[in-house]
Amino acid sequence: MLKCRAVWKKLAPLARESSTLCRQSVRRAGLNNGRPVRVQVAGMSSGPLGEGGENKLYFLLVAAAGLGGVAYVTAAAAETPAAEPAEAQPKVVAESGKTVDQLQLEWGSGICTDCVSLVFAYCLSLLLSCIVTFMQSLPADSTSASQKILSHAPYLLIGGGTASFAAARSIRARDPGARVLIVTDEPDLPYMRPPLSKELWFSDDPSVTETLRFKQWNGKERSIYFQPLSFYIHPEELNSAENGGVAVLTGKKVIHMDVRGNKVKLDDDTEISYDKCLIATGGVPRNIQAIERAGEEVTKRTTLFRKIEDFKSLEKVSRNIKSITIIGGGFLGSELACALGRRSTESGLEVIQMFPEKGNMGKVLPEYLSNWTTDKVKKEGVKIISEALVKSVSYRDDKLEIQLKDGRLVKTDHIVAAVGLEPNVDLAKSAGLEVDSDFGGFRVNAELQARSNIWVAGDAACFYDIRLGRRRVEHHDHAVVSGRLAGENMTGASKPYWHQSMFWSDLGPDVGYEAIGIVDSSLPTVGVFAKATAKDTPKAATEQSGTGIRSESETEDTAISPVASSAPAPTVAEQKDNYGKGVIFYLRDKVVVGIILWNVFNRMPVARKIIKDGEEHADLNEVAKLFNIHDD
């Protein structure tokens, strides 16, 4: 057993410091009138107990120490012999070999009953103080802290994607003192999605899944996050910030919207009122019915690619299996196929891509160009299975078996379903908002309004295009443009959606295209092509523009008088099977409604003007000269 002096040396400093901390905490809790602790947000870790977790853990440790001290001194007191009658002295204490007189003379070595009593009382008071402090650090009632802190947001943005961030930036640009709250069910701050299926897969950094930084085709490095954590303010400080700001509440989902009461309800029962609200809930990946009904063994070996966590998971899976099958021949499926195909040459991974069309991008590109693209994808190391309709999926002998309707059987270790996006309109019912029966998504007007103080942007918006009619678009640049416009209109701009957003896709650093308007392979098309040069690649384009996200370099400038190339258009014989670069025009009633620039970059203002003019053109070869595709 420890002796008195050792007891005091070990317990007194801890007791004094802990007592001071407890007294300060109690006093601070009283002065704050029970103000709740902060709401935890992504990137602001506060320990397992939430904000203030370190203090709470310390209180518990000190309390445990106090309790241990009480137990110790109680045991010590029990072992200390009672005073003997005078005639019985000197009495030898059990096993010590010393008398009581000797112990009393050796101050600091003996255990006196007064010391035991003092330490017992001190430890007990310390224990009670810590318990009181811990209880006062908890919410006063069952109402969560976020309910009290975030009871109102002047600008409430539902969804944490590109559209929300673009809107927040636009709001702050027009109203510098604006207080903007973004609520997202993802654990991450706003980020851009395109690199998840493009540049991140070509990174040489083994820690890319942690850093989420990548090198663009031009060699410059950047993060997928729009802004670092320091850009945002904490939700608790939003309403008190002198100059306003943007706050992000992560890991929270809006489950109910009261349009009449101008408030929303979160999945933790928190209610937040608003003055103006943007719905930018995006979409969720579609699945295949054959996979949905296949059972757990199949679903847990299937990736529905959309978020950061999906990229991390698929990147890890692809390094530990022998075969992976991508179902879907659109933008996402083809990009992932090319990315994984390049990896297959090093790791021996078998990459299979299957789709119901005859070739890659069959719903977008004319058949001849789709076939040419398919050959390019094959050269990346991808096994293509076209005209494939999935009948069933099962799991046998440690393999997934994909049974096609024509009898073909494909065995693989993992499936990536890239078959489109379903707009997230879960709030439509509670909000009483209209969902478009043809295109899906929240139906809004040309100003992206669903109600007088509610706007919708991004993938979830079915808007009226004043040039091309009602549409719904699922691309990054549309999220940027529509989010920016919604933000402007939320601050009183009252501007219609007139800017034609573009989209782009890269099949590696050497083949890429940009598109605008309605690009549908079922429409009549006219393609004009030329021989490509070394500068006609996505890599060269980003080296010139300085950005890997090409929509960010787009402006709303109109190409008023483009200078046409004087070089003659090549003959059909010269351009046969040579689709190095070119322009594809999509026609409806003889009017150009869509344009694809194939390995032709930084010409989007020209394409935008052609669609905006809405004129018939007798010779599209002459129109193609506006893009200077015949210049070396």
Side-chain angles (χ1 to χ4, degrees), residues 283 286 328-335 355-374 377 386-387 389 418-423 436-441 443 458-479 481-482 497-507 511-529 551 579 582-600 603-604 606-617 620 623-624 627:
R286 290 193 184 102
F331 303 106
L332 178 61
S334 298
E335 289 170 359
F355 40 77
E357 298 81 24
K358 292 183 179 180
N360 287 77
M361 310 299 300
K363 292 184 178 180
V364 175
L365 302 176
E367 186 174 345
Y368 64 87
L369 193 55
S370 173
N371 294 336
W372 187 87
T373 303
T374 301
V377 175
S386 61
E387 299 180 276
L389 296 173
V419 292
L421 197 70
E422 195 69 35
D436 191 88
S437 57
D438 296 324
F439 299 97
R443 193 178 178 92
D459 299 341
C462 181
F463 60 99
Y464 181 76
D465 187 319
I466 60 176
R467 174 57 59 187
L468 301 176
R470 188 154 292 280
R471 305 174 62 198
R472 191 177 67 80
V473 181
E474 299 175 356
H475 296 292
H476 174 86
D477 192 61
H478 168 70
V481 174
S482 62
Y497 190 105
W498 68 268
H499 178 95
Q500 288 295 325
S501 62
M502 54 85 74
F503 65 90
W504 80 100
S505 182
D506 295 334
L507 304 179
V511 177
Y513 57 89
E514 299 175 352
I516 190 171
I518 300 175
V519 287
D520 185 334
S521 60
S522 65
L523 293 173
T525 62
V526 175
V528 181
F529 294 88
S551 64
Y579 307 121
V583 182
I584 302 99
F585 300 97
Y586 292 75
L587 307 176
R588 188 170 63 189
D589 299 327
K590 299 181 179 180
V591 174
V592 176
V593 294
I595 298 175
I596 284 183
L597 304 181
W598 188 261
N599 270 346
V600 176
R603 298 286 190 276
M604 196 51 65
V606 179
R608 186 171 287 115
K609 182 180 186 301
I610 292 172
I611 292 178
K612 183 180 179 181
D613 290 345
E615 300 175 353
E616 289 188 28
H617 298 277
L620 289 173
V623 179
F627 297 93

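Computed over heavy atoms, backbone and side chain alike; hydrogens, waters and symmetry mates excluded.
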J.: Apply side chain to side chain contact (heavy atoms under 4.5 Å, CB included) to the pair K612 and Q500, showing each step before the final yes or no.
T.: CA-CA 8 Å; K612 183 180 179 181; Q500 288 295 325; over 6 Å; no
J.: Say whether, by atom type as modelled, one donor and one acceptor occur between the side chain of S370 and the main chain of L365 under 3.5 angstrom.
T.: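 Checked: no pair found.
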J.: Tell me, please, which residues at least two apart from S521 pass side chain to side chain contact (heavy atoms under 4.5 Å, CB included).
T.: none
J.: Below 4.5 Å, heavy atoms only, C-beta onward: do V623 and F585 meet side chain to side chain?
T.: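 Contact flag for V623/F585 side chains = yes.
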J.: Does atom CG of D438 have more than 12 heavy-atom neighbours from other groups under 6.0 Å away?
T.: yes
J.: Would you find a donor on one side and an acceptor on the other, under 3.5 Å apart, between the side chain of R443 and the backbone of C462?
T.: no
J.: Does the side chain to side chain contact (heavy atoms under 4.5 Å, CB included) test come out yes or no for F331 and V364, once each step is laid out?
T.: CA-CA 9 Å; F331 303 106; V364 175; 3.8 Å; yes
J.: I need the minimum non-hydrogen distance between T373 and W598, along with the two atoms involved.
T.: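 Closest heavy-atom pair between T373 and W598: OG1-CH2, 3.3 Å.
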J.: Is there side-chain contact between R608 and I516, with at least one heavy-atom pair below 4.5 Å?
T.: yes
J.: Return the set of residues passing ring-ring contact (aromatic ring centres under 6.0 Å, His included) with Y368 (not counting sequence neighbours), or none when no residue passes.
T.: Y579
J.: What heavy-atom pair brings P423 and A460 nearest, and what distance separates the two atoms?
T.: CB-CA, 4.3 Å
J.: Taking the side chain as everything from C-beta on, heavy atoms only, tell me whether E357 gets closer than 4.5 Å to E387.
T.: no
J.: To the nearest 0.5 Å, how far apart are CG in L369 and CD1 in I584?
T.: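 Between L369 CG and I584 CD1, I get 5.0 Å after rounding to 0.5 Å.
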J.: For E335 and S505: C-alpha separation, side-chain torsions, deciding distance, then whether side-chain hydrogen bond (donor to acceptor under 3.5 Å, both in side chains) applies.
T.: CA-CA 8 Å; E335 289 170 359; S505 182; 2.6 Å; yes
J.: Test side chain to side chain contact (heavy atoms under 4.5 Å, CB included) on Y497 and R467; report intermediate values, then the result.
T.: CA-CA 9 Å; Y497 190 105; R467 174 57 59 187; over 6 Å; no
J.: Is any side-chain heavy atom of F355 closer than 4.5 Å to a side-chain heavy atom of N360?
T.: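 The answer is yes, as the side chains (C-beta and beyond) meet within the 4.5 Å cut-off.
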J.: Side chain of R286, backbone of G420: donor and acceptor closer than 3.5 Å?
T.: no
J.: When you measure from the side chain of D520 to the backbone N and O of S522, does any donor-acceptor pair fall under 3.5 Å?
T.: yes
J.: For K590, is there an ion pair with E616 - N to carboxylate O distance below 4.0 angstrom?
T.: no
J.: If you compare all heavy atoms of L587 against all heavy atoms of V592, which two are closest, and at what distance to 0.1 Å?
T.: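 Nearest heavy atoms, L587 then V592: CD2-CG2, 3.6 Å.
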J.: How are the rings of F503 and H475 set relative to one another: parallel (under 30°), tilted (30 to 60°) or perpendicular (over 60°)?
T.: parallel
J.: Roughly how far apart are E615 CD and K609 NZ, rounded to 0.5 Å?
T.: 7.0 Å
J.: For the backbone of G329 and the side chain of S334, can you confirm whether one donor and one acceptor N or O come within less than 3.5 Å of each other?
T.: yes
J.: Restricting to non-hydrogen atoms, name the atom on F439 and the atom on R472 that form the minimum distance, rounded to 0.1 Å.
T.: O-NE, 2.8 Å
J.: Do S386 and T374 make a side-chain contact, defined as non-hydrogen atoms from C-beta onward lying under 4.5 Å apart?
T.: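 No - every pair of side-chain heavy atoms lies 4.5 Å or more apart.
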J.: So, for E474 and D459, which heavy atoms are closest and what is the spacing to 0.1 Å?
T.: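 Of all heavy-atom pairs spanning E474 and D459, the closest is CA-OD1, 3.2 Å.
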J.: Treating D589 as the side-chain partner and V591 as the backbone partner, does any N or O pair qualify as donor plus acceptor under 3.5 Å?
T.: no
J.: Ignoring hydrogens and geometry beyond distance, is a side-chain donor-acceptor pair present between D477 and S501 at under 3.5 Å?
T.: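 Absent: no donor and acceptor within the cut-off.
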J.: With a 3.5 Å distance limit and no angle check, can you tell me whether R588 reaches the backbone of V593 through a side-chain donor-acceptor pair?
T.: no
J.: Is there side-chain contact between Y586 and I596, with heavy atoms separated by less than 4.5 Å?
T.: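 Of all side-chain heavy-atom pairs linking I596 with Y586, at least one is under 4.5 Å.
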J.: Should Y513 and N599 count as side-chain neighbours, where that means a heavy-atom distance under 4.5 Å?
T.: no
J.: Between G283 and L421, which heavy-atom pair has the shortest distance, and what is it?
T.: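 G283 and L421 have their closest heavy atoms at C-CD1, 3.7 Å.
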J.: After noting the C-alpha distance and the side-chain angles of I518 and R471, does the key distance pass the side chain to side chain contact (heavy atoms under 4.5 Å, CB included) rule?
T.: CA-CA 9 Å; I518 300 175; R471 305 174 62 198; 4.3 Å; yes
